[in-house]
Every structure is written in C-alpha cells, then in structure tokens.
Student: 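One structure is given below, represented as structure tokens, and several questions about it will come after.
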Protein chains: 2
Amino acid sequence: MNSPNIQNTSEQKFWYLRNHKLFSTLSNAEIDDLCIITKHKGAKKGEAIYFGEDLQNRIFLLKKGIIKIVEHNDKGDEVIKDIMQKGDLFGAIGSDDSINKESAVTISSEAIVCSFRISDFENILSKNPDIALQYFKFLGLKLKKIENKYTNLVFKDVRSRLIAFLNDWTAAEGSKVGFDWVVENYLTHQDIAGLICSTRQTVTQLMRDLETEGHIKYDRKEILIHSSLLAKTERPIKS
Amino acid sequence: MNSPNIQNTSEQKFWYLRNHKLFSTLSNAEIDDLCIITKHKGAKKGEAIYFGEDLQNRIFLLKKGIIKIVEHNDKGDEVIKDIMQKGDLFGAIGSDDSINKESAVTISSEAIVCSFRISDFENILSKNPDIALQYFKFLGLKLKKIENKYTNLVFKDVRSRLIAFLNDWTAAEGSKVGFDWVVENYLTHQDIAGLICSTRQTVTQLMRDLETEGHIKYDRKEILIHSSLLAKTERPIKS
DNA sequence: TTGTCAATGTCGCATTCCCGACATATTGTA
DNA sequence: TACAATATGTCGGGAATGCGACATTGACAA
C-alpha cells in the first residue's frame with residue numbers, strides 16, 4: 001500500500017488513521033482532536049524514537065517501518081520487549097503513570113509515527129464502545145503474548161526458544177518457496193538474542209547448529225526455514 | 001469485612017458485586033444478567049477451581065480466599081503466574097479464544113468465586129464507559145505487572161528476584177512493627193520458587209542466607225522483614 | 001580498490017543454579 | 001501419643017549458558 005500524494009500534515013493524519021482498523025470509523029473532527037501530532041522520522045537505523053519520559057503520556061501508532069521496543073539495565077544489557085510493524089500501537093498502552101524505562105529504536109531505515117495523548121484516546125474510547133471492545137481484544141492479545149514469552153522463558157531452554165521464535169517469525173512474515181519458507185532478515189544475531197533472552201554468541205552457535213542439521217539456511221539478508229523445523233521444539237537426542 | 005446473613009445465592013451475588021469497586025454502580029437488572037453463577041467452594045487447600053477449558057469463556061471474581069494461577073509443563077514443573085486475593089479478577093481476561101493451560105488452585109483453606117461470561121461482561125462494558133475505563137486501567141496494571149516480572153527474570157539473578165519479591169509482598173500486605181515489617185506467610189518455599197522461577201532448594205538456601213545476614217527472620221507462619229532489606233537488591237560483596 | 005565498521009564465527013573457562021538425595025522439623029490426624 | 005504427610009534444611013555433582021577474547025566475513029563509503 002502506497003500513500004497517495006499528500007500535501008500537508010493534516011491530510012496525512014486523516015489518511016493514516018482512516019486506513020487503520022481501529023480508527024476507520026472516526027469522524028474528521030474526532031481524528032482532529034485525537035491525533036495532535038504526526039511525527040515523521042527519517043530516522044537512521046538504530047535511532048531512538050522516544051525515551052522514558054516522552055512515553056509516559058502518549059500512545060504511538062507506527063505507520064511505516066519496523067521498530068523494536070527495548071529496555072536496558074544498568075550494565076547496558078538489552079532486552080527486546082517487542083518488534084513493532086506497520087499498524088501496531090505502542091507506548092503507554094493501558095497505563096498512565098509510573099516510570100517506564102523502555103525506548104523505541106528503529107530497525108528499518110525509516111519510520112513514520114503518529115501519536116496521541118492518553119486522555120484524548122480514552123475520550124474516544126468512552127464515546128465509541130465498538131472501538132473500545134476492539135481495543136480490549138488488542139490488549140488481551142498483548143497480554144497473552146507477553147505471558148507466552150514469560151512461560152517460554154521459564155520452561156524452555158535457549159535452543160527451544162530460538163526455534164519457537166523462528167517458527168513464529170515464519171508464520172507471521174514468511175512466504176512459501178517449495179517446501180521451505182523464506183523470511184526477510186532484518187534482525188542481527190544480537191537482536192535475536194535480545195528477543196529470546198540469550199547472548200549473541202549463543203545465538204550464532206545455535207543458528208550454525210540448525211544449519212548443519214539441515215533445518216535452516218541463512219545469510220544476512222534472508223533466512224530459509226525448512227519445513228522440518230516447523231513444530232520442532234525439542235533438542236536432538238544426544239549420542 | 002464479614003458478609004451479612006445471606007439467605008440465597010441471588011442475594012449473595014448482589015452483595016458480592018455491590019461491594020466491588022468495578023461493579024458498584026450497576027443496577028440490579030444488570031447484575032442479574034451479568035453474574036449467572038455464584039460459585040462457592042469449600043475448597044480444600046490445593047484444590048483446583050477450574051481447568052483449561054472452563055476458563056475459556058469466563059471471567060472470575062474472587063470474593064474470599066487466596067488462590068494461585070499456575071501453569072504446568074509436560075514434566076510437571078509449575079510456574080505461578082499470579083497470586084489472587086479478595087476482589088481480584090482472573091480467568092480469560094481480555095481474550096476469548098485459543099488454548100489456555102492455566103489453572104487456579106486455592107492456597108487458603110476456603111475460596112468463594114463468582115463468574116460471568118465474557119460476552120455478558122463485554123456487554124456491560126460497552127454500556128458503561130466509566131466501568132470500561134476502570135477496566136482499561138486494570139488491564140494496563142496487569143500488563144505492566146507481567147512485563148515487570150519478565151524483565152526481572154531476564155536481568156536479575158535468583159537472589160535479587162527473591163528480595164524483590166519479599167519487598168513487593170511487604171509493600172502489599174505487610175504491617176509495620178517497630179523498624180521491621182511482618183507479613184503473614186501463606187506461601188511455602190515451593191510456592192515462592194514458582195513465583196520467582198527458581199527451585200525449592202535454592203529458595204530455602206537463600207532464605208537461610210538472608211536470615212544469617214540479618215535481613216529477615218521467619219517461620220512457617222510469618223516473615224519478619226528488616227528495613228535493611230528494603231530497596232536492597234544487590235548481592236553482598238564477596239570476600 | 002581499499003579501508004573501516006558492523007556482523008558473524010569459534011573457543012574455552014567461569015558461574016549460576018538446577019536437581020537428586022537424604023536428614024530433620026513441623027503439622028495434622030487417628 | 002504415634003504416625004503420616006508435608007515443609008524445611010543441607011550437600012555435592014553436573015548441565016546450560018553467559019562472557020571475554022579473538023578471527024573472519026561482508027557491506028558500504030571514500
């Protein structure tokens with residue numbers, strides 16, 4: 001989907017929201033009240049879109065690009081909470097207080113983002129029960145996703161988590177080629193490590209293992225996933 | 001708070017919901033439509049309230065007692081997702097599909113639970129924007145809680161997680177005694193291990209360490225937490 | 001082409017903590 | 001009181017994986 005020729009910010013924001021499932025039914029006036037900023041980032045790869053405090057009172061809608069929501073600890077280690085794609089909401093989802101240490105970093109070469117104040121968003125929700133219900137579903141999904149990540153982390157070892165991640169990725173974005181699947185690879189081993197809570201070295205090692213076992217094949221641009229990996233979560237029996 | 005003399009299930013359910021923050025504004029008719037079951041459990045300690053499938057389409061409200069939301073893997077290992085107390089909502093929060101492997105197990109000697117269908121609940125929400133907003137806040141809090149658990153698990157070692165857990169517990173339920181805090185202890189080391197994702201032995205060991213270090217003092221009934229533990233998350237410097 | 005930087009590949013040691021095994025202590029119950 | 005069942009305490013070996021160090025490869029720009 002390419003955006004039409006858009007002359008100014010105002011028209012852009014209408015176009016952005018109208019094409020989003022959650023906001024498609026809103027009137028011009030409502031959109032005008034809600035979306036007070038349309039933020040464009042000709043952001044370089046690796047550039048942060050927002051930091052701690054900004055995030056407190058805003059919800060963001062990613063219109064274009066890929067970003068990662070990350071959190072760092074004191075030592076500088078990074079966990080990737082989530083990867084956001086076109087159409088995803090992020091930011092202070094569902095809460096409006098307390099400290100948040102997350103930041104959003106662009107992975108793609110460009111990212112375009114709209115944002116709204118939480119209070120404005122809540123206002124829209126309370127006046128549009130249908131949108132509210134959809135938003136409930138969205139929150140439920142988010143909740144389930146993170147709960148799933150949590151149990152994965154507890155129950156599974158790194159290898160299983162990597163395989164589960166590859167399977168999810170394939171399911172979400174892969175295209176079938178013969179008996180295999182291809183996924184465009186915009187993530188480094190470092191990123192993947194952050195996503196499955198491991199280290200770069202371990203990810204590299206396991207990717208190599210999976211390749212020599214014949215389950216995947218990869219370079220820096222794409223990953224080819226053999227169907228033998230699908231639904232495979234156990235480690236091979238040791239000899 | 002003791003419940004008044006209640007003669008029948010119908011009166012009970014009115015009383016239960018009226019005394020809950022989220023439902024206090026509902027009319028009799030609305031409550032009647034919503035809460036189609038009032039489930040009483042003279043449940044023994046350790047008895048499961050519901051299993052997988054039951055949970056799919058219901059939201060539960062805990063009126064009395066303490067329960068744990070747990071999930072098991074194939075090997076029988078247990079993670080405790082959450083501990084629920086009087087007034088808490090649990091079940092298929094925010095989602096109405098897919099498989100859920102959780103179950104709810106009583107920790108206290110008795111538990112009383114109401115439940116409603118998700119569709120009925122959604123109906124109430126869409127007709128009562130105020131309740132919907134409160135429910136958004138609730139979901140947001142839940143989301144933040146689990147995200148916090150997740151980052152804790154990634155960034156902190158077992159000792160730090162245990163200390164963080166004790167601090168949380170103190171903050172939530174502790175009462176001050178001199179310079180210390182007392183928490184009624186209804187959890188076994190096994191339970192605590194499940195909550196902070198560790199093992200019984202490790203928890204026992206660390207609890208003993210903390211006691212010899214003078215930070216806590218405990219028996220099976222209560223835990224005395226010295227103020228020296230508050231805000232302490234780092235391990236002592238090794239000699 | 002060459003130089004630079006980021007990403008990937010490989011190795012081995014160190015550490016954390018799981019896990020089995022078994023002892024002791026406490027609680028509930030006949 | 002005695003017995004069973006559950007909870008707590010203690011120890012040591014071993015597996016998973018973190019982590020530093022360094023080599024190699026690939027991408028991009030001058």
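So you know, we letter chains A, B, ... as the sequences are listed, proteins then strands, and number each from 1.
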Student: Just how far, in rounded Å, is P of dG18(D) from CD of Glu78(A)?
Tutor: 15 Å
Student: Counting just side-chain N and O atoms, does Tyr186(A) come under 4.0 Å of either OP1 or OP2 of dA7(C)?
Tutor: no
Student: Under 4.0 Å between a side-chain N or O of His189(B) and OP1 or OP2 of dG9(D)?
Tutor: yes
Student: Hey, does the side chain of Tyr218(A) come within less than 4.0 Å of dA7(C)'s phosphate (OP1/OP2), counting only N and O?
Tutor: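 The answer is no; no side-chain N or O of Tyr218(A) sits under 4.0 Å from OP1 or OP2.
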Student: Return the value, rounded to whole Å, for the distance between atom CE of Met207(A) and atom P of dA7(C).
Tutor: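 About 15 Å, once rounded to whole Å.
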Student: Assess whether a salt bridge exists between Glu211(A) and Arg208(A), defined as any Lys/Arg side-chain N lying under 4.0 Å from an Asp/Glu carboxylate O.
Tutor: yes
Student: For the atom pair CG (Asp82(A)) and NZ (Lys142(A)), what is the distance rounded to the nearest 0.5 Å?
Tutor: 5.0 Å
Student: With nearest nucleotides of DNA chain D determined for Thr199(A) and Arg208(B) from heavy-atom distances, which residue corresponds to the more 5′ nucleotide?
Tutor: Arg208(B)
Student: Specify the separation, in whole Å, of atom CD of Gln205(A) and atom C1' of dG18(D).
Tutor: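 Taking CD of Gln205(A) and C1' of dG18(D), I get 13 Å after rounding.
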Student: In whole Å, I'd like the distance from the CG atom of Asp157(B) to the P atom of dT17(D).
Tutor: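 To the nearest whole Å, that distance equals 17 Å.
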Student: Check the distance between dT17(D)'s P and Lys156(A)'s NZ and give it to me in whole angstrom.
Tutor: 13 Å
Student: I need the CD-P distance between Gln190(A) and dC19(D), as an integer number of Å.
Tutor: 11 Å
Student: Got Leu61(B) and Leu17(B) here, is their nearest side-chain heavy-atom distance under 4.5 Å?
Tutor: yes
Student: Check the pair Asn148(B), Ile146(B) against side chain to side chain contact (heavy atoms under 4.5 Å, CB included), reporting the backbone distance first and the verdict last.
Tutor: CA-CA 5 Å; Asn148(B) 200 36; Ile146(B) 168 92; over 6 Å; no
Student: Output the single nucleotide from dC18(C), dT8(C), dT17(D) whose closest atom is nearest the side chain of Thr202(A).
Tutor: dT17(D)
Student: What is the distance, to the nearest angstrom, from the CD1 atom on Ile107(B) to the P atom on dT6(D)?
Tutor: 16 Å
Student: Could you tell me whether the phosphate oxygens of dC18(C), OP1 or OP2, come under 4.0 Å of any side-chain nitrogen or oxygen in Ser198(B)?
Tutor: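 Yes, Ser198(B) has a side-chain N/O under 4.0 Å of OP1/OP2 on dC18(C).
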Student: When you compare the protein's N or O atoms with those of nucleotides 21-28 of chain D, which come within less than 3.5 Å of each other, and at what distance?
Tutor:
residue : atom : partner   : partner atom : Å
dT25(D) : O2   : Arg220(A) : NH2          : 3.2

Student: Please name the pair of heavy atoms, one in Ala104(B) and one in Ile67(B), separated by the smallest distance, quoted to 0.1 Å.
Tutor: CB-CD1, 4.1 Å
Student: Does Thr204(B) reach a base, just sugar-phosphate, or nothing at all? Heavy atoms under 4.0 Å.
Tutor: base
Student: Could you state the CG-P distance from Asp209(B) to dT8(D), rounded to the nearest angstrom?
Tutor: 16 Å
Student: If you measure from NE2 on His189(B) to OH on Tyr218(B), what distance do you get to the nearest 0.5 Å?
Tutor: 4.5 Å
Student: Can you say whether the rings of Phe60(A) and Phe90(A) are parallel (under 30°), tilted (30 to 60°) or perpendicular (over 60°)?
Tutor: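 Aromatic pair Phe60(A)/Phe90(A) classed parallel.
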